[in-house]
Protein chains: 2
Amino acid sequence: MAEYGHLKRVPMVTVKRLSRYLRALEKFQEKGFETVSSEELAGELNVKPSQLRKDLAYFGEFGTRGMGYSIPKLAEELRRILGLHRQWAIAIIGVGNLGTALLRYKGLNEKGFRIAALLDDDPEKVGSSRSGVHIFHIDDLPNLVKEKNIQIAILTVPAPAARAVADLAVKSGIKAILNFAPVSIKAPPDIAVMHVDISSELKILSHHLAELDLSGETVGYPIVEDNGE
Amino acid sequence: MAEYGHLKRVPMVTVKRLSRYLRALEKFQEKGFETVSSEELAGELNVKPSQLRKDLAYFGEFGTRGMGYSIPKLAEELRRILGLHRQWAIAIIGVGNLGTALLRYKGLNEKGFRIAALLDDDPEKVGSSRSGVHIFHIDDLPNLVKEKNIQIAILTVPAPAARAVADLAVKSGIKAILNFAPVSIKAPPDIAVMHVDISSELKILSHHLAELDLSGETVGYPIVEDNGE
DNA sequence: TAGATTGTTAATCGATTAACAATC
DNA sequence: TAGATTGTTAATCGATTAACAATC
């Protein structure tokens, strides 16, 4: 999907794991460790050590043979690779339940990201603000993108509106979209689009449960182990 | 990850696409179509027709050569495969911003799913209810699972608590977990665990933006096309 | 030097895709 | 029968993994 401009094209799964490695590193750091081996770090994430090393190899050599990786150094490299030394401005489009929750969600307010604007088309909402962020009309998106230098759009609009809003975002100059609407978004190849499809994840679970049922495992009336442990 | 009990092991990506096919089918149905070809359906989802046919082939033969697929019939088959003819009971564990938003989120209240209980460890919340769903103490999980026949746990607790809560859920007999905490959950192989890692998705976008920047594309000060169209 | 652990290669595994025979 | 489109095979592509030489 996205072009990463490396010699070898970096798989998106690798980039995704990079951010998980970073999180695990920060945890190790909090515990006071200085150094970590690929085995320790990978173990934390249900990943093979060789996969971790392969993932890092796309970007350079960050370890010391015989020693492992310096935690602060590797963390810093990962932050750089992930672009987290910069500050990205986000617009949340669609101020419903989910949009409002994300606005207040800790994971979205980490270092590196700033929610710069909310947008909606409901006249009752436009003009007010939530958690100190102003709600603009969706038609203002092109101006906002320019004025506030917004790079990321989070789409929390209802499904029927999602495609049109995504098109508007792209036209406005947005280069990265995080889409929560259960709709496929089509965008030019230089635009990164990530889909978070909660209802679809749930259906995968449903499928799993149905299969368990077929295979004869009791579902719903489980044997609870004695809480002696 | 999950065992599906088929002759050929069904890849999880296939199951994920199945739920997207179903959604697209429902859209075609609303428009009044009777029949759809693999090319039309796949086109809607940026998927190759041969991939759609391959995905379906794991489960049976649902089309008619020369004709395509009957929309209501295929939709029904997909619902059956995905276990959506049944009703699954969900517990949302962690009644913060995200948990509350999901409670009210349309995608979680579709046919086939029912939010049967909320859980938290905050004494201020326990005992009250939200949107008509009672908030129990997290220690009640084992009883609730039995009494209310809960099969799915949605984890919206803070990261440090997530693993312990997941362990409790598994011990209580939960067979499917949808985890929103930025933590790797380890569970036995018969437990399906899906991760929704919003902060990680965001970092992938950040990486993409940083790469765009390196490759010389202006980020943040885009040329907005004239709105003549 | 001996032990540890990286970075990298090559083998394996699994998913995607094009192509086509089957058949409506 | 001719045209369309499926179901399935085989080829391709890409990601994972084991193994190991390099090197701290």
Side-chain angles (χ1 to χ4, degrees), chain A residues 1-4 6-21 24-25 28 33-71 73-75 77-78 81 184 204, chain B residues 1-4 6-21 24-25 28 33-71 73-75 77-78 81 184 204:
Chain A
M1 172 184 290
E3 262 297 327
Y4 296 112
H6 284 277
L7 266 69
K8 280 181 189 174
R9 216 189 136 286
V10 180
M12 171 161 300
V13 275
T14 288
V15 180
K16 194 159 192 170
R17 279 193 297 264
L18 250 38
S19 87
R20 298 175 58 211
Y21 299 150
L25 278 175
F28 276 109
F33 291 90
E34 287 287 315
T35 291
V36 74
S37 70
S38 61
E39 189 165 357
E40 291 168 306
L41 189 52
E44 183 67 18
L45 299 165
N46 305 331
V47 153
K48 293 277 188 311
S50 52
Q51 179 161 75
L52 164 51
R53 297 200 297 274
K54 185 92 211 266
D55 284 339
L56 297 180
Y58 283 105
F59 301 95
E61 307 190 0
F62 307 123
T64 311
R65 290 151 131 103
M67 303 296 294
Y69 302 88
S70 148
I71 291 176
K73 254 176 72 180
L74 181 56
E77 294 284 0
L78 291 179
I81 293 165
S184 272
I204 296 173
Chain B
M1 171 182 291
E3 261 297 327
Y4 297 112
H6 284 276
L7 268 68
K8 280 184 190 175
R9 215 189 137 287
V10 180
M12 170 161 299
V13 276
T14 288
V15 180
K16 193 157 192 174
R17 279 193 296 265
L18 249 40
S19 86
R20 299 175 56 211
Y21 299 150
L25 276 174
F28 275 110
F33 291 89
E34 287 288 316
T35 291
V36 73
S37 71
S38 61
E39 187 164 359
E40 290 167 307
L41 188 52
E44 183 68 17
L45 299 166
N46 305 330
V47 154
K48 292 277 189 309
S50 53
Q51 180 160 73
L52 164 51
R53 298 200 298 274
K54 185 90 209 270
D55 284 339
L56 297 180
Y58 283 105
F59 301 94
E61 307 190 1
F62 307 122
T64 312
R65 284 160 210 251
M67 303 297 294
Y69 301 87
S70 148
I71 290 175
K73 256 177 71 182
L74 181 55
E77 294 284 2
L78 291 179
I81 293 166
S184 271
I204 296 172

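The figures here come from the full heavy-atom set of this structure, side chains too, leaving out hydrogens, waters and symmetry mates. Protein chains get the first letters and strands the later ones, always in sequence-line order, with residue 1 at the start of each.
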Base, sugar-phosphate or nothing for B/Glu61? Non-hydrogen atoms, less than 4.0 Å.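 Sugar-phosphate only.
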
Tell me, what's DNA chain D's dot-bracket, Watson-Crick or G-U with both distances under 3.5 Å, | for other-strand, [ ] crossing? ..||||||||||||||||||||||

Going by ring-ring contact (aromatic ring centres under 6.0 Å, His included), name the residues that satisfy it together with B/Phe33, two or more places apart in sequence or in a different chain.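 So B/Phe33 forms a ring-ring contact (aromatic ring centres under 6.0 Å, His included) with B/Phe28.
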
Kindly give the atom pairs (protein nitrogen or oxygen, nucleotide nitrogen or oxygen) under 3.5 Å for nucleotides 19-23 of chain C.
{"residue": "C/dA19", "atom": "N6", "partner": "B/Arg53", "partner atom": "NH2", "Å": "3.3"}
{"residue": "C/dA22", "atom": "N3", "partner": "B/Arg65", "partner atom": "NH1", "Å": "2.9"}

Distance, rounded to the nearest Å, where [X] contributes [atom1] and [N] contributes [atom2]:
X: B/Gln51; N: D/dC13; atom1: CD; atom2: P; result: 16 Å
X: B/Arg9; N: C/dA15; atom1: CZ; atom2: P; result: 7 Å
X: B/Leu56; N: D/dG7; atom1: CG; atom2: P; result: 7 Å
X: B/Leu74; N: D/dG7; atom1: CG; atom2: C1'; result: 14 Å
X: B/Lys54; N: D/dA11; atom1: NZ; atom2: C1'; result: 12 Å
X: A/Tyr58; N: C/dT8; atom1: OH; atom2: C1'; result: 12 Å
X: A/Leu52; N: C/dT8; atom1: CG; atom2: C1'; result: 14 Å
X: A/Met67; N: C/dG3; atom1: CE; atom2: C1'; result: 12 Å

Quick check on D/dG7: is either OP1 or OP2 less than 4.0 Å from any side-chain nitrogen or oxygen of B/Tyr69?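 Affirmative; the distance criterion is met.
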
Could you say whether B/Ala57 or A/Arg17 is positioned toward the 5' end of DNA chain D, judged by the nucleotide with the nearest heavy atom to each?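 Nearest-nucleotide comparison on DNA chain D picks B/Ala57.
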
What is the distance from atom [atom1] of [X] to atom [atom2] of [Y], rounded to the nearest 0.5 Å?
X: B/Tyr21; Y: B/Leu74; atom1: OH; atom2: CG; value: 10.5 Å
X: B/Phe62; Y: B/Leu78; atom1: CZ; atom2: CG; value: 7.0 Å
X: B/Glu40; Y: B/Thr35; atom1: CD; atom2: OG1; value: 9.0 Å
X: B/Ser38; Y: B/Tyr69; atom1: OG; atom2: OH; value: 5.5 Å

For atom CD of A/Glu39, decide whether the heavy atoms of other residues, nucleotides or ligands shown that lie under 6.0 angstrom number more than 12.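 Atom CD in A/Glu39 is not crowded, with 12 or fewer foreign heavy atoms closer than 6.0 Å.
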
Between B/Ser70 and B/Lys73, is there a donor-acceptor pair closer than 3.5 Å when you use the side chain of the first and the backbone of the second?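 Checked: pair present.
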
Flag side-chain contact, heavy atom, 4.5 Å: B/Pro49 against B/Arg53: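 Side-chain contact under 4.5 Å: yes.
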
In the structure I gave you, are the side-chain heavy atoms of A/Leu41 and A/Val47 within less than 4.5 Å of one another anywhere?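 A/Leu41 does not reach A/Val47 side chain to side chain.
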
Could I get the full list of side chain to side chain donor-acceptor pair (under 3.5 Å) partners for A/Glu77, not counting sequence neighbours?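 A/Glu77: side chain to side chain donor-acceptor pair (under 3.5 Å) contacts with A/Arg80.
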
I need the residues from residues 33-48 of chain A with at least one non-hydrogen atom less than 4.0 Å from DNA chain C; give them sorted by number, or say none.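 Under 4.0 Å from DNA chain C: A/Ser37, A/Ser38.
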
Show me the donor-acceptor pairs, under 3.5 Å and distance only, between side chains in residues 12-20 of chain B and residues at least two apart or in other chains.
{"residue": "B/Thr14", "atom": "OG1", "partner": "B/Asp55", "partner atom": "OD1", "Å": "2.9"}
{"residue": "B/Lys16", "atom": "NZ", "partner": "A/Glu201", "partner atom": "OE2", "Å": "2.8"}
{"residue": "B/Arg17", "atom": "NE", "partner": "B/Asp55", "partner atom": "OD2", "Å": "2.7"}
{"residue": "B/Arg17", "atom": "NH2", "partner": "B/Asp55", "partner atom": "OD1", "Å": "3.1"}
{"residue": "B/Arg17", "atom": "NH2", "partner": "B/Asp55", "partner atom": "OD2", "Å": "3.4"}
{"residue": "B/Ser19", "atom": "OG", "partner": "A/Ser200", "partner atom": "OG", "Å": "2.8"}
{"residue": "B/Ser19", "atom": "OG", "partner": "B/Lys16", "partner atom": "O", "Å": "3.2"}
{"residue": "B/Arg20", "atom": "NH2", "partner": "A/Ser184", "partner atom": "OG", "Å": "2.7"}
{"residue": "B/Arg20", "atom": "NH2", "partner": "B/Leu45", "partner atom": "O", "Å": "3.2"}

